[in-house]
Amino acid sequence: MQEPGIKRNSSKLNVCGFGGVGKTTLMDALQRDLVAAKFTHRKEEKAPPADKITHIPTPGIDVNIIHIPKAGKYIAWDYAGQPEYYVTHNMFLRADEAVFMVVFKIMDEINDFRGKLTEKLLTWPRFIKSRITGVQSSESKPTVILVASGADNVEESRRPRAIKVVEDIRKQVRGMFKDHFNVVDETFLLNCHDSQHKDMGRLRKCLSRAKREQHIPKLCAKILDNKNKWKINKKFPILYWSEYVEQVKRIDDLVDDDFLRTATSYLDNIGELLFISNPHGDDIIVLNIQWLCSRVFGPMLATDIFLQYSKKLPKDHQLYYSRSDIDEVFSDFADTDLLLNLLKIFELVIEAHRNPSVRDSDVQFIAPALLDADMPKSQWRMDLSKQIYFGRRIQCRDETDSFSPGLFPRLQARLYNHFRDLGQTPSGIWMNGIKVCHVVECLVYMTRGWRAIHICVRAKDEENIGDCHILMEKVFGDIEDVLEICCPGSNIESRVLSAHSLRSDIDRTKLNTTPCRRL
């Protein structure tokens with residue numbers, strides 16, 4: 001942005017961690033007025049017994065403007081820690097212009113920590129790294145603050161051990177990810193219920209130091225001042241790019257398209273709106289992010305533990321959802337026709353039967369993120385009639401890398417739509433796999449641990465070798481495209497799978513490979 005703009009007094013704070021670690025409780029405590037608490041002699045040190053707490057988890061993402069004493073104003077994004085919501089997190093988890101606070105429960109680690117980071121502890125640092133785009137200087141790297149919750153549940157005799165575990169975790173994360181983000185060199189072990197806990201004060205000061213002085217471009221400031229006045233469909237607070245340009249030109253009729261795109265990307269980075277690229281049409285501007293998170297993604301992905309939703313999409317092992325299933329959940333607060341089109345653009349639902357003769361009420365949809373059936377082993381058994389085998393493995397390069405949780409469901413949607421449009425509708429789709437059969441047979445699946453994707457292709461005889469290579473390249477191209485969207489910061493490499501391994505029943509974690517080429 002070229003113009004100096006207006007000083008911005010708020011920063012974006014991404015609050016991450018697994019479900020039940022106390023993220024929402026921590027955010028409430030950080031905001032409490034310390035002076036008021038002191039004068040009213042408020043007692044907060046004792047948390048209620050665990051069996052007396054009715055915990056209603058955060059669905060999707062909760063976005064709020066908060067004021068933290070001694071730290072200032074933040075736009076806080078509280079990310080749900082339940083795995084069912086991970087598929088949408090990568091749409092919002094921006095590493096630019098943000099501070100990350102990663103919360104973990106000390107009682108989950110104090111007994112199990114053996115001096116080395118576990119896969120569980122690496123989940124969120126890897127996720128953050130996967131969302132970092134481009135090479136960054138030390139000044140522009142994201143700031144990460146690691147916070148251990150549950151200090152009130154640690155016996156005094158075990159406190160030194162707990163502090164040592166937190167310090168070891170922080171040092172190891174800092175050492176592993178030093179080239180990608182800045183981990184704050186302080187140890188926090190908190191009672192998240194106590195706003196006056198000594199470490200709570202240090203955390204407020206740490207958040208204050210982590211804030212960067214920013215100047216918001218004048219055009220961005222004008223958009224923020226006016227966007228709530230725009231007349232939009234309350235049941236669909238979304239604008240397509242042409243509609244958005246029309247609204248902005250009423251503010252500044254001289255703005256050009258390239259500058260507006262830059263300004264809008266900036267507003268996306270700081271968490272004021274969501275700017276989605278649409279390769280098949282107009283780009284999309286989500287003006288009300290909370291509507292999308294709580295009203296759409298909330299009931300769409302919610303399981304039974306999310307008591308705030310009386311209506312949810314059913315999760316009873318079904319493959320297809322009917323139009324009536326979707327209407328039942330969303331019709332009260334969303335325009336279903338517009339919403340379905342949006343979810344298809346986001347690649348969160350697939351229109352399973354694209355047939356003009358099928359009535360709208362009879363159209364069926366697949367939501368890859370809701371698939372819960374594992375791929376049947378029968379889908380790739382030894383078959384003596386198949387003589388030609390080719391395979392490729394796309395894998396994470398080192399222990400700091402991972403695939404974004406949203407990658408494979410989105411890849412499944414991309415492959416399903418791609419091959420259906422080619423007249424080669426996939427013959428099967430499961431939680432961890434999708435199968436395409438057209439002249440030759442192709443299986444694409446995610447390995448256990450979500451660290452690699454395998455493309456396996458086989459055919460009957462040598463005259464189909466060309467078909468094998470064409471099919472594999474089509475799939476590989478889709479994988480590259482989705483990787484760029486979902487996890488641009490992950491380092492990935494490609495290897496050739498052994499034909500001998502592919503001829504037998506697939507072991508999803510151990511297939512012989514040879515180096516191919518780096519992505």
Side-chain angles (χ1 to χ4, degrees), residues 12-31 47 50 53 55-64 66 68 74-90 92-95 98-110 112-113 117-131 142-154 162 165-170 172-174 176-177 181 183-184 186-194 197 199-200 203 206-207 210 271 293 301 303 305-306 402 404-406:
K12 184 178 179 182
L13 175 63
N14 289 320
V15 187
C16 311
F18 294 108
V21 299
K23 300 188 297 296
T24 304
T25 304
L26 172 59
M27 296 310 296
D28 289 343
L30 279 171
Q31 295 176 75
I53 299 175
H55 176 63
I56 300 178
T58 300
I61 305 168
D62 192 24
V63 184
N64 288 295
I66 64 173
I68 301 176
Y74 276 95
I75 300 176
W77 292 56
D78 183 356
Y79 288 81
Q82 287 71 25
E84 49 266 30
Y85 285 104
Y86 292 176
V87 66
T88 59
H89 283 358
N90 65 270
F92 308 94
L93 197 65
R94 300 288 188 268
V99 175
F100 291 84
M101 188 159 62
V102 179
V103 185
F104 60 95
K105 190 183 292 185
I106 187 57
M107 293 307 293
D108 289 347
E109 311 301 335
I110 193 170
D112 299 330
F113 188 70
L117 294 175
T118 63
E119 289 295 303
K120 180 180 178 181
L121 284 169
L122 284 167
T123 298
W124 287 100
R126 284 172 172 168
F127 199 173
I128 294 168
K129 183 201 169 186
S130 76
R131 298 300 300 155
T143 296
V144 175
I145 305 171
L146 298 177
V147 176
S149 65
D152 44 315
N153 295 318
V154 179
V165 167
V166 178
E167 288 177 344
D168 286 348
I169 290 171
R170 173 181 53 77
Q172 290 186 40
V173 172
R174 191 176 185 188
M176 287 178 62
F177 294 90
F181 45 75
V183 178
V184 169
E186 289 190 67
T187 298
F188 298 99
L189 176 58
L190 297 174
N191 173 359
C192 292
H193 299 269
D194 182 4
H197 189 276
D199 277 10
M200 199 74 75
L203 180 55
C206 180
L207 286 167
C293 292
L301 300 169
T303 57
I305 67 171
F306 293 89
S402 73
S404 162

Problem set entry | Contacts of D62 that satisfy salt bridge (charged side-chain N to carboxylate O under 4.0 Å, His left out) - sequence neighbours left out | none
Problem set entry | Inter-residue atom distance F92.CZ - I61.CD1, 0.5 Å rounding | 4.5 Å
Problem set entry | Evaluation steps, ring pair (Phe, Tyr, Trp, His ring centres under 6.0 Å), between W124 and Y86 | CA-CA 11 Å; W124 287 100; Y86 292 176; 5.7 Å; yes
Seminar exercise, completed: Hits for ring pair (Phe, Tyr, Trp, His ring centres under 6.0 Å) against Y79, two or more places apart or cross-chain, chain-then-number order -> H89
Problem set entry | Atom pair CG (D194) and CG (D152), whose distance is rounded to the nearest 0.5 Å | 8.5 Å
Seminar exercise, completed: Value for CG (L189) from CD (E167), rounded to nearest 0.5 Å, stands at 10.0 Å
Seminar exercise, completed: Residue set satisfying salt bridge (charged side-chain N to carboxylate O under 4.0 Å, His left out) with K129, at least two apart, ordered chain then number -> D401
Exercise. Looking at residues at least two apart in the chain, or sitting in another chain, which of them share a salt bridge (charged side-chain N to carboxylate O under 4.0 Å, His left out) with E119?
Worked result: R126
Exercise. Residues in ring pair (Phe, Tyr, Trp, His ring centres under 6.0 Å) with F306, at least two apart?
Worked result: Y85
Seminar exercise, completed: Closest non-hydrogen atoms of I106 and A151, given as atom of the first, atom of the second and distance, are CG2-N, 4.4 Å
For this session: Indicate whether the side chain of S404 and that of S130 have a donor and an acceptor atom separated by less than 3.5 Å.
Result: no
Seminar exercise, completed: dist F188:CZ -> H197:NE2 (nearest 0.5 Å) comes out at 12.0 Å
For this session: Of all the heavy-atom pairs spanning D78 and K23, show the shortest one and how long it is.
Result: OD1-CE, 3.4 Å
Exercise. Does the side chain of V102 come within less than 4.5 Å of V147's, by heavy atoms?
Worked result: no
For this session: Report the distance from atom OG1 of T187 to atom CG of L146, rounding to the nearest 0.5 Å.
Result: 9.0 Å
Exercise. Which residues pass the salt bridge (charged side-chain N to carboxylate O under 4.0 Å, His left out) test with D168, sequence neighbours left out?
Worked result: K164
